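Here is the structure we will look at.
Numbers here simply count residues along the sequence, with the first being 1. For clarity, every value in this text was computed on a predicted model and none was experimentally measured. Counting convention: from 1, in listed order, for ligands and their atoms alike.
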Amino acid sequence: MQLLPGFRDFYPEDCARRNYTLSVWREVAARYGFLEYDGPVLEPIELYKKKSGGELLGQLFDFVDKGERHVALRPEMTPTLARMVAARERDFKKPLKWFCAPSFFRYEKQQRGRLREFLQLNCDILGDASPGADAELLALVIDLLRTFGFGPQDFVVRLSDRDAWMQFALGRGVPQERLLDFLGVIDKLERTQEAESRRKLEEFGVELEAVRAFIADPSAEAAKLQGIMADLKARGLAEYVAVDLTIVRGLAYYTGLVFEVFDRNGKERALAGGGRYDALLEVMSDGKVKMPALGFGMGDVVLANMIEEVPAAKARRDAWIASRNAAEVYVVVAEESRRTEALGVVQTLREAGWRTDYALSAAKVGKQFQVAETLGAKFAVVIGAEWPEVKVKDLATREERLVAAENVATLGRA
Ligand code: HAM
């Protein structure tokens with residue numbers, strides 16, 4: 001039986017890597033005061049038809065359930081989050097700073113950086129329309145990547161503004177109801193053949209040259225984003241950000257500021273993307289709740305590729321995994337007749353919180369020491385002729401001392 005395309009098995013080494021990613025995501029989000037939430041894996045398909053739009057609609061894993069409901073596995077979090085917050089808006093102090101890091105599903109063509117089931121960290125700020133909130137969110141995305149061990153030479157946050165594109169399009173006669181289709185063409189510009197882009201833009205009466213000239217001069221946009229840049233500069237984070245009008249984002253709900261994060265080598269697809277969606281809660285609540293909002297999603301797939309490519313990030317990850325996986329203490333049963341006593345010692349050590357391992361069946365003493373080394377144990381506790389004392393050996397310094405078995409949990413250090 002084969003795996004379905006775009007899905008993954010997680011062997012222990014894969015789980016360890018996933019746990020590392022989740023632990024950095026959670027730690028940095030908490031550092032910024034974000035609270036964790038979650039929603040259902042399955043939602044009515046209407047939620048995405050109405051709210052996500054764009055190419056996501058062609059990528060839904062959807063089916064009709066036994067109660068005749070047309071449902072979809074979640075391809076993203078933002079519509080669910082908007083629904084949840086709109087439903088209980090009065091219960092929360094503003095601004096809300098919330099994050100989640102579950103699995104999402106998209107029926108995409110499997111390629112480097114894109115799978116059909118992936119993890120995505122979502123961080124969103126709701127109830128604050130100020131540039132201070134924009135900068136806070138950008139600082140978070142930057143600090144996440146710095147914590148993984150990436151520097152300004154490894155990634156860049158490309159900052160843009162959908163408003164600017166809407167003005168551009170409306171000023172050239174693109175009708176309001178076709179704006180999203182027009183933005184879709186701009187979104188794919190970098191990934192589409194020139195002749196194809198030219199043809200598509202002509203359908204809107206817009207020349208490719210005009211689009212290119214607009215992208216080539218982001219000065220007006222840079223002036224508009226000055227407040228955000230000043231904020232990031234105050235935090236020493238400005239070098240990670242560049243104004244870049246090629247970014248418009250493929251989802252329907254974005255209203256103003258939008259951004260995407262890329263590796264500097266241009267080898268990977270986007271690592272993270274987000275922006276403002278100031279009108280989504282209002283649409284979601286039939287006009288009842290008006291709340292500005294912004295956020296981003298960061299996937300685990302491109303992130304894992306980048307960690308493999310950047311030695312500093314890889315070393316940090318591997319050290320974390322090694323420190324988590326290693327046994328701290330290995331109990332060596334030097335005399336098999338003392339196995340009962342050895343089991344008591346194992347239990348005492350584990351109850352005291354030491355990650356403890358031992359041979360489940362009789363094995364030569366040399367072999368047991370070998371296993372202790374392989375497992376990365378710091379101490380061996382040898383149960384043998386010295387009983388009721390045990391020998392505690394520091395496996396790095398080779399130092400040994402005798403400790404009364406009842407005090408074994410101190411490992412002779414108290
Ligand atoms: P998105 O740009 O569709 O945005 O996804 C954000 C990130 O999720 C991407 O940059 C990528 O790292 C990861 N991602 C997306 N699709 C896949 C896939 N098929 N395989 C692997 N990784 C993938 C959103 O989803 C927005 N809801 C983000 C957001 C939150 N906007 C505001 N708040």
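Counting only heavy atoms of the protein, atom 28 (C) of ligand 1 lies nearest to G297 N, 3.4 Å. Scanning all protein heavy atoms for the shortest distance to atom 27 (N) of ligand 1 gives E76 OE1, 2.5 Å. Looking at atom 1 (P) of ligand 1, its nearest protein heavy atom turns out to be R249 NH2, 3.5 Å. Here the protein heavy atom with the shortest distance to atom 16 (N) of ligand 1 is R106 NH1, 3.2 Å. Looking only at heavy atoms of the protein, atom 14 (N) of ligand 1 is closest to F118 CE1, 3.6 Å. Distance from atom 20 (N) of ligand 1 to its nearest protein heavy atom, with residue and atom name: L115 N, 2.9 Å.
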Candidate pair F148 and Y20, rule ring-ring contact (aromatic ring centres under 6.0 Å, His included), full reasoning: CA-CA 10 Å; F148 278 106; Y20 170 66; 5.7 Å; yes
Taking it one step at a time, do K200 and E196 satisfy salt bridge (Lys or Arg N to Asp or Glu O under 4.0 Å)? CA-CA 6 Å; K200 284 192 172 157; E196 172 80 356; 3.6 Å; yes
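At a 4.0 Å heavy-atom cut-off, ligand 1 touches Y254 through the side chain alone. Contacts of L271 with ligand 1, taken as heavy-atom pairs under 4.0 Å, involve the backbone alone. Within the 4.0 Å heavy-atom criterion, the part of V301 lying near ligand 1 is the side chain and not the backbone. Contacts between Y253 and ligand 1 below 4.0 angstrom, taking non-hydrogen atoms only, involve the side chain exclusively. By the criterion of a heavy-atom distance under 4.0 Å, neither the backbone nor the side chain of R269 is placed next to ligand 1. Contacts with ligand 1 closer than 4.0 Å are made by backbone heavy atoms (N, CA, C, O) of F296 only, the side chain lying farther away. Within the 4.0 Å heavy-atom criterion, both parts of R114, backbone and side chain, lie near ligand 1. At a heavy-atom cutoff of 4.0 Å, ligand 1 is contacted by the side chain of D124 but not by its backbone.
Close contacts of ligand 1 with A270, meaning ligand atoms under 4.0 Å from a residue heavy atom, involve 9 (C), 10 (O), 11 (C), 12 (O). If you number the atoms of ligand 1 from 1 as listed, the ones under 4.0 Å from a heavy atom of G273 come out as 10 (O), 28 (C). Each of the atoms 5 (O), 6 (C), 7 (C), 8 (O), 24 (C), 25 (O) of ligand 1 lies under 4.0 Å from some heavy atom of Q120. Using a 4.0 Å cut-off to heavy atoms of T78, the atoms of ligand 1 that qualify are 26 (C), 27 (N), 29 (C), 30 (C), 31 (N), 32 (C), 33 (N). With ligand atoms numbered from 1 in the order given, ligand 1 contributes 30 (C) to contacts under 4.0 Å with heavy atoms of N122. Ligand 1 places these atoms under 4.0 Å from at least one heavy atom of G295: 30 (C), 31 (N), 32 (C), 33 (N).
Ring geometry for W165 against F182 counts as tilted: the plane angle lies between 30° and 60°, on a 0 to 90° scale. Taking the six-membered ring where tryptophan is involved, the planes of F7 and F61 are perpendicular, since the angle between them exceeds 60° and thus also 30°.
Note on E308 versus R112: no salt bridge recorded, every NZ/NE/NH1/NH2 to OD/OE distance being 4.0 Å or above. Comment: R18 does not engage D14 in a salt bridge, judged by the lack of any side-chain N to carboxylate O separation of less than 4.0 angstrom. The existence of a salt bridge linking R146 and D143 is confirmed by a sub-4.0 Å separation between a basic side-chain nitrogen and an acidic carboxylate oxygen. Remark: E89 does not engage K290 in a salt bridge, criterion side-chain N to carboxylate O under 4.0 Å.
Side-chain atoms of E27 and T147 include no donor-acceptor pair closer than 3.5 Å. The closest side-chain donor-acceptor pair between Y254 and R249 falls under 3.5 angstrom. Side-chain N/O atoms of Y277 and T78 include no donor and acceptor closer than 3.5 Å.
In terms of heavy atoms, L281 sits closest to A86 at CD2-N, 3.9 Å.
Between L294 and ligand 1, a contact under 3.5 Å exists for no N or O pair. No N or O atom of L251 sits closer than 3.5 Å to an N or O atom of ligand 1. Any N or O atom pair closer than 3.5 Å counts here, and Y277 shares no such pair with ligand 1. Where the criterion is an N or O separation shorter than 3.5 Å, residue side chain and backbone included, E108 meets it with respect to ligand 1.
Assignment of G113 to the shell around ligand 1 is supported, since a heavy atom sits closer than 4.0 Å.
Only one option out of V333, T356, V392 pairs with V381 in a side-chain contact (heavy atoms from CB on, under 4.5 Å); it is V392.
At least one test fails for R8 against the ring of F10: distance under 6.0 Å to the centre or angle within 45° of the axis.
Around atom OH of Y107, no more than 12 heavy atoms belonging to other residues, nucleotides or ligands sit under 6.0 Å away.
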